[in-house]
Amino acid sequence: MLDKTFNPKDIEEKHYTDWEGSGAFAAHPESNKTPFTIMMPPPNVTGSLHMGHALTMTLQDVMTRYQRMNSKDALWMPGTDHAGIATQMVVERQLAEAGENRRDMGRDKFLEKVWQWKEESGGTIVRQLRRLGATPDWPRERFTMDEGLSQAVLKVFVDLYKDGLIYRDKRLVNWDPKFQTALSDIEVEHKEVKGKLWHVAYPLEDGSGSISIATTRPETILADGAIAVHPDDEKYKDLVGKCAVVPVCNRIIPIIADEYVQSEFGSGAVKITAAHDYNDFEVYLRHKDTTEIPLINLMTPDGHMNENCPPDYVGLDRFEARKKIVKDLDELEYLEKVEDHVHQVPYGDRSCVVIEPYLTDQWYVDAKTLAKPALEAVKTGKTEFVPKNWENTYFDWLENIQPWCISRQLWWGHQIPAWYDEEGKVYVAMTEEEAKAQAGADKTLTRDEDVLDTWFSSALWPFSTLGWPDKTPELSKYYPGDVLITGFDIIFFWVARMMMMGIHFMDGEVPFKKVYIHALVRDGKGQKMSKSKGNVIDPLDIIDQYGADALRFTLLAMAAQGRDVKMSEERVEGYRNFATKLWNAARYCEMNDCLPKEGFDPASVQAPLNQWIIQSVSETKTAIDKAMEAYRYNEAAGAIYQFIWGTFCDWYLEFTKPFLQSGDEALKEEIKGTTGWVLDQILLLLNPFMPYITEELFAQIAKREEGTRLLSSDWPDYSALSVGESAMDEISWLQRMISEIRSLRADLNVPAGANIDLLVLEASDQTKERLKQYEPALSQMARLASISTDGEAKKGAVKSIVDEATIVLPVADLIDLDKERARLAKQIEKLEKDIEAIDKKLGNEKFVANAPDEVVAEQKERKAEAQNIRDKLSAALEQIKAA
RNA sequence: GGGCGGUUAGCUCAGCGGUAGAGCACUUGCUCGACACGCAAGGGGUCACAAGUUCAAUCCUUGUACCGCCCACCA
């Protein structure tokens, strides 16, 4: 006997262990089944499960389970990402706590520490995924710094270098002074900041006056190399070619003309600080051949002023230097005015410190070239985004893509396979031996210290995890993947780069055919969850409290396309209740011997009641299939929810109760068989969504062959079942009948416990027959003492209409006549309004002429029906008035 | 500045050319032997605003107003 409530805690671990042990998560490259591949976006090794993971992994797991049940050879490829900066940060923080730091320790020793940390703590998220019920092919789990994947990274680097698609360049990069590394453009977040605009006067060298400029970063004045004005600006025409004196450091700089300058902004003159500003650098490049413009770097890598500054600035923090120069400018009377100014300031997405444009040598990928086929693939539909509007975002980014800076001044990551000889000449090769062979035996080579951007290795994930560059069976079977399921926040970081790398290295073949982009999870108020806001809902807490099934179902039900998912505990509670409901339905079935029986054939059932529920199961399955096909998880979840609760529990089980108590034996047996069968189908259909409770019930309600699990069961196929319309009509009638009586009773305050008599007038033969047949169900569900079809409505009886028949409840002594009059009047009024609206339509010649015939027919039918009911209710109202 | 999305019941959101839906909340009844994490019956919406297309618009088009997010170097 099942317990009274379902306790997820008791069974989740047991089933997961059993599932994993069964080997059912495994892909089988050797099988001849159609493959279905999902690449799991590898979470950071430093990560722990948050709601975003819970959502994306649930969607992936549901898809994987669904495809697996549909006889696909499903590969859900799991793994983790080494997460360069994030991981190095974690370990450095630990070192700091122990009073150590990585530079004292040295690179090798430090890396040893990181690996040690990875072994000890890197498995957290992977363990947590198991609690969600995720079923990827664990034995294939990869790490982006695994031997094989690292080899793939080296090969990709070397090949791209040979093709001229990777190169070294000296230009401005986004420099993170906290981590002291370069960052790519997309690792920089621009935030609106309230700053100041300082207006500063630069004296002209010839003493003939001064020229005024405005700046938001006065400390960079110390590195000024020129002043620029617009070539057409009359105001400054005569100054071009002259020189000005930089305040405070007294450097003489030229005044040049460049179209970049906007005459209307500020004073119309701009200082040019080529080593610390992207635009200024561009100006510098345009003029450096004709005008000598100093290119001065005034900062150390950790954001302090260097020796290129006046002595009293050297060593100052960049923000201190800003304060000091403002003070100095003011004292020296160069500062003309200060305005408040709102502008965008770049911050490192991990370090959260202000990023400096900084002039360094870095490695770049020629993203523009790689982007072309990646764009083409989506334009031609080889890869499709769902929902489609994300393609615009993808196009927009790739069409404007800049060179991708891939070198990072970190230690944790894939070290760049480049060596330098003493003259600084570079040799790129898979190994030091090969580099030496290139350089010649007499050269001493030093390896590039830098490592690659973490996303460089993630970009290879769809093929590096399958054994590339070897031609493995996995690679040929599971590439390209069927669908990539991920959030929009990493379309640039990851999706686009996988497209570029995949197409380039896999002979033009895209890495996945579909990209399903889901929303981000927010809190109940729609705010982004973050630790600092303290509004984080921990999925593990939710699992502890409500069970993994409830969490999964909540995420699915709210995963409608193109919207944020607002997570609130009340919703989870609701779906926990749903699990309990199912549990109790199964418990009821168990108590009534309605369990799955060997040999039951749903095609053979005779009773319309049973035919109806079987047909409903089939329709539900169709709805789920349709929804899954379109990645409409919320619709799939809604369909099965509605069927279980609204159809099976609320109607079918209630219909059949009286027949099970007293009915003829054949019918009883058929009901038992049908109920058991439906319950089994429910478990199958719900399994991908709520794997734990369904697996538990599956095991409890029937003896199965040893080792049979829902996990590895087949998705049902009802194509052989066909049920006539008549059963559906008949049960629909029964539902309407019961609803109508219940509604009347409630409206008229008939005591809930009172059994009353039902009189049905003007009943057709069919209705009479049905009343007789379903008498037990009607009596019990509508609480009737008797049902008759002939007789006369007594004075004060209440009337209503179901189809052709008038139902009469002789409850005169129980009800308030005024209330009944009001009820009838209200209904009649509503019907009149409907009829009027329909008449208006039908009276419109254009409508009749243009609307499809079936729409016109439908309107006519509705009108007739409304008129029929109205007439009968009017008669009833007259009768009461007469009484 | 560009792009995308949103505005539907008290709240959170589905729906998307022909009778407005769900969950929660609310009201009123219910110890009908599965379930109060429940059952039954209800109340509640000029589908942001304006114009247009159409026989017909919550749904399509255009515009307006708010609200989000993403991208963008204006000192």
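None of the values given here were measured: they were computed from a predicted structure. Per chain, numbering begins at 1; letters A, B, ... match sequence-line order.
Rounding to whole angstrom units, CG of residue A:Leu2 and C1' of B:rG33 are separated by 16 Å. For the pair A:Tyr575 OH and B:rU12 C1', the computed distance is 11 Å after rounding to whole Å. When rounded to the nearest whole Å, the span between NE2 of A:His190 and P of B:rG1 equals 18 Å. Atom CD1 of A:Ile644 and atom P of B:rA34 are 19 Å apart (whole Å).
Proximity of A:Tyr347 to A:Val193: side-chain heavy atoms (C-beta onward) are separated by under 4.5 Å at one or more points.
A donor N or O paired with an acceptor N or O is not found under 3.5 Å between the base of B:rC32 and the side-chain atoms of A:Gln780.
Comparing the C1' positions of B:rC16 and B:rA57 gives an interatomic distance of 10 Å, to the nearest angstrom.
A:Trp198 contributes atom CH2, which lies 15.0 Å from atom CD of A:Glu336 (distance to the nearest 0.5 angstrom).
A:Thr393 comes within contact range of no nucleotide atom at all, as no heavy-atom separation falls under 4.0 Å. When heavy atoms are screened at a 4.0 angstrom cut-off, A:Arg783 is found touching base atoms of the nucleic acid. At the heavy-atom level, A:Tyr260 lies under 4.0 Å from base atoms of the strands shown. A:Glu570 comes within 4.0 angstrom of no nucleic acid atom, judged by non-hydrogen atoms across all strands.
Between A:Arg736 and A:Asp803 a salt bridge is recorded (basic side-chain N to carboxylate O distance below 4.0 Å). Checked for salt-bridge contact, A:Lys863 and A:Asp839 meet the test: a charged N lies under 4.0 Å from a carboxylate O.
Using a 4.0 Å cut-off, some side-chain N or O of A:His341 falls inside it from OP1 or OP2 of B:rA75. Side-chain N/O atoms of A:Arg745 include none lying less than 4.0 angstrom from OP1 or OP2 on B:rC30.
Side-chain N/O atoms of A:Asp277 and A:Tyr284 include no donor and acceptor closer than 3.5 Å.
Test A:Phe689, A:Phe648, A:Phe578 against A:Tyr641 for ring-ring contact (aromatic ring centres under 6.0 Å, His included) and you get one pass: A:Phe578.
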Short heteroatom pairs, N/O only, protein and nucleotides 35-40 of chain B, under 3.5 Å:
unit_1, atom_1, unit_2, atom_2, d
B:rC35, O4', A:Asn584, OD1, 3.1
B:rC35, O2, A:Lys581, NZ, 2.9
B:rC35, N3, A:Lys581, NZ, 2.9
B:rC37, O4', A:Asn577, OD1, 2.9
B:rC37, O2, A:Arg576, NE, 2.9
B:rC37, O2, A:Asn577, OD1, 3.3
B:rC37, O2, A:Thr580, OG1, 2.4
B:rG38, OP1, A:Asn577, ND2, 3.2
B:rG38, O3', A:Lys581, NZ, 3.0
B:rC39, OP1, A:Lys581, NZ, 2.7
B:rC39, OP1, A:Trp645, NE1, 2.6

Report, one line per pair, each donor and acceptor closer than 3.5 Å where one atom sits in a side chain of residues 215-227 of chain A; sequence neighbours left out.
unit_1, atom_1, unit_2, atom_2, d
A:Thr215, OG1, A:Arg217, N, 2.9
A:Arg217, NE, A:Glu219, OE2, 3.4
A:Arg217, NH1, A:Glu356, OE1, 3.4
A:Arg217, NH2, A:Glu219, OE2, 3.3
A:Arg217, NH2, A:Glu356, OE1, 2.7
A:Arg217, NH2, A:Glu356, OE2, 3.1
A:Glu219, OE1, A:Arg322, NE, 2.9
A:Glu219, OE2, A:Arg322, NH2, 3.0
A:Thr220, OG1, A:Arg217, O, 2.7
A:Thr220, OG1, A:Lys271, NZ, 2.7
A:Asp224, OD1, A:Lys271, NZ, 2.7
A:Asp224, OD1, A:Thr273, OG1, 2.7
A:Asp224, OD2, A:Tyr202, OH, 2.4

